[in-house]
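Worksheet: the structure to be examined is printed underneath.
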Amino acid sequence: MIDTNPAERPASINAGARTPKAITVAILAMGGEGGGVLADWIVDLGEHSGYYAQTTSVPGVAQRTGSTIYYLEMFPEAAVRAAGKEPVLALIPVPGEVDIVIASELMEAGRAIQRGLVTPDRTTLIASTHRVYSMTEKTAVADGRVDPAKLIDAARAAAKVLVHNDFARIAEQTGSVISAPLFGALAATGGLPFSRQQFEEAVRRGGVGVESSLTAFAAGFSAAGEPRAAAAGESEAGWPKLGPRLHALAKRVEASFPPASHAILLAGVQRLADYQDESYAAEYLDRLDPIRDLDAQYGNGDFALLRESGRYLALWMSYEDTIRVADLKTRRTRFERVHREVRTGQTQLLAINEFLHPRVEEISDTLPAALGRWLLNTGWARRLVERFTHQGRVVETTSVSGFLLLYFVASLRRWRRRSLRFEREQRRIGEWLAQVTALAPEDYALAVEVSECPRLVKGYGDTHLRGSRNFDAVMDAVPMLRRAADGARRLKKLREAALADESGQKLAEALREVSA
């Protein structure tokens with residue numbers, strides 16, 4: 001979709017200028033997205049259309065596989081002949097002096113705006129609305145994702161002309177890479193003084209993947225003038241569609257639970273059936289029956305208690321363990337996704353190496369409860385296991401032996417209910433739900449806040465240990481908060497403090513304030 005800054009109307013670059021100036025283009029792309037190919041197409045386009053053209057690139061570091069800035073300048077040969085001297089073209093973009101910015105991902109558009117490369121009186125910004133999350137977003141204790149709507153609003157305000165759509169989706173649908181639909185979007189903006197045919201000829205001269213690139217080019221050209229696809233983080237309306245095996249559970253949700261909770265509960269049923277089995281998904285609904293009744297009696301009609309309890313109960317019941325990790329790593333869909341991402345050809349072989357470092361605690365958690373406790377409490381047994389596991393190992397899941405090893409671990413799912421970890425997690429889940437049901441009649445708002453506390457527990461290994469420790473500390477404060485008039489507000493403050501940092505320092509400070 002093409003958005004024009006209300007303060008400016010689109011105009012041809014340098015129209016009416018007395019002194020010819022170079023056309024400046026900056027491309028911000030990540031590794032493997034074809035940013036270099038896109039730059040080469042633009043250079044070829046300029047050189048075959050009567051322009052001097054130059055491109056440089058500045059590779060980035062390990063930010064989401066490396067972000068590179070490609071910078072291009074083009075100068076009309078006619079002006080060079082008239083002046084009788086060669087133009088001096090810059091090597092890097094200068095803030096406020098860039099005509100066109102192309103961002104292969106929404107955060108890259110934000111980086112361009114932050115660097116001052118996008119200006120409302122000059123710049124045409126072409127951005128793909130999909131997201132590739134940064135390490136800071138992935139490693140945040142809470143939801144660290146940047147709001148895509150805010151990024152789009154900032155782009156709209158910063159640019160003279162904004163073109164935004166999910167060009168990564170278009171590339172996937174057309175069997176190409178994102179550079180091709182972005183090139184098509186560039187042609188649609190009219191930001192460069194060349195015809196669509198000239199753009200397409202540049203692709204043909206490239207000589208590699210011509211047909212798929214032209215198909216993606218045409219799709220990008222059309223998409224530039226269409227309403228944008230949903231940005232990352234936005235979801236289509238509608239409930240999860242459950243298969244025949246879960247038909248009875250889906251009917252139960254629709255018949256026994258309020259519509260406000262259907263989307264979350266159906267997603268929970270789907271997740272838990274995939275995690276364990278249909279019986280486990282049914283237990284999930286059994287646990288929510290009393291929550292539903294309490295919410296109907298003491299809530300305000302929006303069923304916030306049921307929805308939040310349903311959300312975090314599903315996540316907690318599908319905790320990450322070695323069985324789950326092995327299961328996900330050996331699924332056909334994962335191998336297919338990796339093949340798509342690295343774009344392997346039919347004559348190429350792909351090797352996937354998994355770096356596994358199971359600790360004694362994780363091994364004992366997978367064992368039957370009695371055997372797991374024995375391993376944890378027996379010194380010589382612990383030392384023996386640590387001797388063979390302390391360095392970790394690399395497992396190649398694309399080899400027969402590596403795949404069968406993880407496949408065996410994944411097959412232990414049928415015995416998960418007997419494991420030490422299952423026993424411990426089910427006990428803790430029961431204690432949490434007991435708190436929620438006890439609080440609902442006396443302080444509904446506090447019960448809702450307690451229902452959200454399991455979001456502190458996530459991941460595995462050290463991350464899980466820290467989260468569990470913070471969860472226990474927050475829950476230990478609940479009896480004291482039950483006597484406070486603003487207990488819900490205080491508990492929310494504690495939870496936010498626990499999510500603010502991994503060290504637990506802010507939580508400790510918040511606990512001291514609450515107890516003061």
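The shown structure was predicted, so the numbers you read here are calculated from the model rather than taken from an experiment.
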Look only at the side chain of Trp432 and the backbone of Val450, and say whether a donor-acceptor pair between them is shorter than 3.5 Å.
->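 Yes, Trp432 side chain to Val450 backbone: donor-acceptor pair under 3.5 Å.
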Mark yes or no for whether Asp302, through its side chain, and Ala304, through its backbone, hold a donor-acceptor pair below 3.5 Å.
->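 Yes.
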[X] with [Y]: basic N within carboxylate O range, under 4.0 Å:
X: Glu283; Y: Arg287; value: no
X: Glu423; Y: Arg427; value: no
X: Glu354; Y: Arg334; value: yes
X: Asp277; Y: Arg417; value: yes
X: Arg311; Y: Glu308; value: yes

Apply ring pair (Phe, Tyr, Trp, His ring centres under 6.0 Å) to Phe471 and Trp316, showing your working.
-> CA-CA 12 Å; Phe471 173 81; Trp316 200 343; 5.3 Å; yes
Let me confirm one number: the [atom1]-[atom2] distance from [X] to [Y], rounded to the nearest 0.5 Å.
X: Leu371; Y: Arg418; atom1: CG; atom2: CZ; answer: 13.0 Å
X: Ile126; Y: Ser104; atom1: CD1; atom2: OG; answer: 12.5 Å
X: His357; Y: Arg393; atom1: NE2; atom2: CZ; answer: 12.5 Å
X: Ser399; Y: Leu404; atom1: OG; atom2: CG; answer: 8.5 Å

Excluding sequence neighbours, so at least two apart, what forms ring pair (Phe, Tyr, Trp, His ring centres under 6.0 Å) with Tyr319?
-> Tyr275
Donor-acceptor side-chain pairing of [X] and [Y] below 3.5 angstrom:
X: Arg307; Y: Ser261; value: no
X: Thr322; Y: Thr366; value: yes
X: Gln276; Y: Arg416; value: yes

Residues Glu108, Arg111; criterion salt bridge (Lys or Arg N to Asp or Glu O under 4.0 Å); working and verdict | CA-CA 5 Å; Glu108 294 303 317; Arg111 294 179 190 275; 3.5 Å; yes
Heavy-atom count around Gln505 CD within 6.0 Å, excluding the residue itself: above 12?
-> no
Are Asp153 and Lys150 close enough, and set up right, to give a salt bridge (Lys or Arg N to Asp or Glu O under 4.0 Å), and what steps lead you there?
-> CA-CA 5 Å; Asp153 289 341; Lys150 292 182 178 179; over 6 Å; no
Audit row: Val163, Leu125, side chain to side chain contact (heavy atoms under 4.5 Å, CB included) steps and yes/no = CA-CA 6 Å; Val163 178; Leu125 173 59; over 6 Å; no
Quick one: does NZ or CZ of Arg292 land under 6.0 Å from the six-membered ring centre of Phe257, within 45 degrees of the ring axis?
-> yes
Hey, mind stepping through Asp295 and Tyr444 against side-chain hydrogen bond (donor to acceptor under 3.5 Å, both in side chains) and telling me if it holds?
-> CA-CA 8 Å; Asp295 207 336; Tyr444 179 84; 2.7 Å; yes
Do the rings of Phe335 and Phe403 sit parallel, tilted or perpendicular, given the 30° and 60° boundaries?
-> tilted
So do Thr397 and Asn353 actually touch side chain to side chain, heavy atoms under 4.5 Å?
-> no
Which of Val385, Leu384, Asp365 passes side chain to side chain contact (heavy atoms under 4.5 Å, CB included) with Leu375? It is Val385
Test Lys493 against Glu513 for salt bridge (Lys or Arg N to Asp or Glu O under 4.0 Å), laying out the working first.
-> CA-CA 10 Å; Lys493 184 177 180 180; Glu513 292 179 6; 2.9 Å; yes
